[in-house]
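The shown structure was predicted, so the numbers you read here are calculated from the model rather than taken from an experiment. Every number for a ligand or one of its atoms is a count from 1 in the order of the listing.
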Amino acid sequence: MMLVRSSHRRSTVGRQLAILGGEPAFKEPVHVGRPNVPDPEGFLNSISDILERRWFTNQGPVVRKFEDRLTAFLGVKHVIAICNGTIALELAERALELSGEVIVPSFTFVATAHSLQWQGIRPVFCDIDPHSHCLDPAKVEQQITERTTAILAVHLWGRPCQVEELEEIASRRGLHLLFDAAHGFGCTYRGRMIGNSGDAEIFSFHATKFFNTFEGGAIATNDDELAQRLRLMKNFGFSGMDRVDHVGTNGKMSEVSAAMGLAGLDSLADFVSSNRINYMAYRRHLAELNGITMLQYDESERCNYQYIVIEVDERDAGLTRDQLLAALRAENVLARRYFWPGCHCMEPYRTLYPEAARALPVTEHVASRVIVLPTGSAVGVEDVEIICGIIRRALEHPGAVAEAVGDAPYGV
Ligand code: T4K
């Protein structure tokens with residue numbers, strides 16, 4: 001695997017925080033979401049073959065091989081490779097003929113909600129569990145109306161949501177069940193790979209994901225009929241050269257993306273390993289810090305450890321989340337406040353459903369506290385140590401940091 005470690009870092013020991021006038025700890029920005037890069041050799045050879053073959057897209061041999069590898073890896077009957085996760089969500093929703101209302105978390109990337117709204121389905125925002133950050137099944141039940149046609153749950157941060165509880169509700173209430181598994185590639189739920197539950201599960205292989213195909217996504221399903229419909233729909237509905245059997249769109253993955261996917265599958269163990277090493281380092285360095293709680297992964301399951309998520313409790317930390325974020329940004333650590341402020345506060349939802357916040361107290365609470373820190377194979381344990389050192393020093397000087405940040409904390 002090609003590792004691209006951050007260079008030009010400075011130790012925080014004895015150094016003034018940048019927000020207080022010191023030099024930034026990193027000369028170059030340290031991002032959340034730098035792509036994991038597989039061993040380039042296999043990928044580049046594959047690109048030469050693609051060029052020589054002059055077959056670039058439309059379910060070519062590389063996409064077919066990629067789908068076969070994914071099917072075996074996930075242990076699922078069908079995997080349909082798609083051009084990105086958002087179109088994959090839209091295709092699955094459309095293939096299941098969802099309409100009316102669909103219950104969905106607000107605490108997710110906005111694409112989850114947009115995929116519904118884009119096709120005239122109302123996303124009904126439902127609250128989350130404060131610990132898992134995933135849909136709270138009891139709240140789901142409360143949001144069901146006669147217009148509800150499905151539940152679209154998200155395995156946030158790659159940690160599975162309460163799959164069995166949601167399956168029970170969906171089957172008892174006659175609803176479809178989809179999982180946005182954009183974060184969940186390579187993770188298990190009770191020992192089974194994510195990708196096997198509900199009507200279908202949807203992955204994103206965007207550049208910023210644990211496993212990427214530059215842009216890309218996939219739909220995994222054990223439903224033969226649904227898989228067949230999805231294959232038609234992702235290719236304009238064509239079932240033969242001049243024959244169209246279904247309404248469709250262009251959801252196809254290119255051969256180059258699939259080649260990246262095959263190379264990525266070969267490097268998957270390395271991606272997990274560097275993420276896990278960083279995760280353990282963060283855990284060690286953040287363990288003792290007052291007011292900082294780090295989200296844990298269940299070590300009895302397979303995890304991809306792609307998101308390092310902390311919650312800042314202002315009362316114990318002495319700093320707000322945004323003040324701490326400002327201190328990190330001053331050091332060139334471009335931490336993110338995913339998924340603040342929640343989809344319900346973004347347009348068009350804020351205008352269309354102004355009352356939504358009433359049902360979302362946990363979402364609003366969690367969204368105001370969360371910071372996602374850099375990891376991935378572009379980040380080394382030395383970087384982690386420095387990032388945690390910045391957090392520790394900021395918490396040691398809350399008054400000075402708050403004063404330096406002033407009334408305009410990060411991004412506000
Ligand atoms: N459902 C969920 C739950 C999702 O999280 C997502 C996507 C989807 C559905 C939809 O799947 P896709 O249609 O995207 O396949 C990013 C990603 O664009 C998005 O894919 C992802 N979730 C979301 C969580 O994060 P932004 O707008 O925050 O990303 P951006 O462009 O600011 O990139 C983050 C950082 O990554 C940058 O600061 C720099 C670094 N970066 C990014 C790219 C693209 C690189 O170093 N290299 C790169 O090539 O949304």
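- Remark: Asp266 engages Arg69 in a side chain to side chain donor-acceptor pair (under 3.5 Å) (not counting sequence neighbours).
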Audit row: His155, Phe179, ring-ring contact (aromatic ring centres under 6.0 Å, His included) steps and yes/no: CA-CA 7 Å; His155 300 302; Phe179 290 96; 4.9 Å; yes

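- Annotation: side chain of Leu334 is not in contact with side chain of Val30 (no heavy-atom distance under 4.5 Å).
- Once rounded to the nearest 0.5 Å, the distance linking CG of Asn222 with NZ of Lys77 reads 6.5 Å.
- The pair Lys252-Glu67 does not meet the salt-bridge criterion, since no charged nitrogen lies less than 4.0 angstrom from a carboxylate oxygen.
- Using modelled atom types, no side-chain atom of Arg231 and backbone atom of Gly237 make a donor-acceptor pair closer than 3.5 Å.
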Check ligand 1 for N or O atoms under 3.5 Å from a protein N or O and list each pair with its distance.
{"from": "ligand 1", "atom 1": "1 (N)", "to": "Asp180", "atom 2": "OD1", "distance (Å)": "3.3"}
{"from": "ligand 1", "atom 1": "1 (N)", "to": "Asp180", "atom 2": "OD2", "distance (Å)": "2.7"}
{"from": "ligand 1", "atom 1": "5 (O)", "to": "His183", "atom 2": "NE2", "distance (Å)": "2.8"}
{"from": "ligand 1", "atom 1": "11 (O)", "to": "Ser204", "atom 2": "OG", "distance (Å)": "3.4"}
{"from": "ligand 1", "atom 1": "13 (O)", "to": "Gly85", "atom 2": "N", "distance (Å)": "3.4"}
{"from": "ligand 1", "atom 1": "13 (O)", "to": "Thr86", "atom 2": "N", "distance (Å)": "2.9"}
{"from": "ligand 1", "atom 1": "13 (O)", "to": "Thr86", "atom 2": "OG1", "distance (Å)": "2.6"}
{"from": "ligand 1", "atom 1": "15 (O)", "to": "Gly85", "atom 2": "N", "distance (Å)": "2.9"}
{"from": "ligand 1", "atom 1": "15 (O)", "to": "Ser204", "atom 2": "OG", "distance (Å)": "2.7"}
{"from": "ligand 1", "atom 1": "18 (O)", "to": "His206", "atom 2": "NE2", "distance (Å)": "3.4"}
{"from": "ligand 1", "atom 1": "20 (O)", "to": "His206", "atom 2": "ND1", "distance (Å)": "3.2"}
{"from": "ligand 1", "atom 1": "20 (O)", "to": "Lys209", "atom 2": "NZ", "distance (Å)": "3.4"}
{"from": "ligand 1", "atom 1": "22 (N)", "to": "Lys209", "atom 2": "NZ", "distance (Å)": "2.7"}
{"from": "ligand 1", "atom 1": "25 (O)", "to": "Tyr338", "atom 2": "OH", "distance (Å)": "3.3"}
{"from": "ligand 1", "atom 1": "28 (O)", "to": "Arg336", "atom 2": "NH2", "distance (Å)": "3.0"}
{"from": "ligand 1", "atom 1": "28 (O)", "to": "Tyr338", "atom 2": "OH", "distance (Å)": "2.5"}
{"from": "ligand 1", "atom 1": "32 (O)", "to": "Arg336", "atom 2": "NH1", "distance (Å)": "3.0"}
{"from": "ligand 1", "atom 1": "36 (O)", "to": "Val32", "atom 2": "O", "distance (Å)": "3.1"}
{"from": "ligand 1", "atom 1": "36 (O)", "to": "Gly33", "atom 2": "O", "distance (Å)": "3.3"}
{"from": "ligand 1", "atom 1": "38 (O)", "to": "His31", "atom 2": "ND1", "distance (Å)": "3.0"}
{"from": "ligand 1", "atom 1": "46 (O)", "to": "Arg34", "atom 2": "NH1", "distance (Å)": "2.8"}

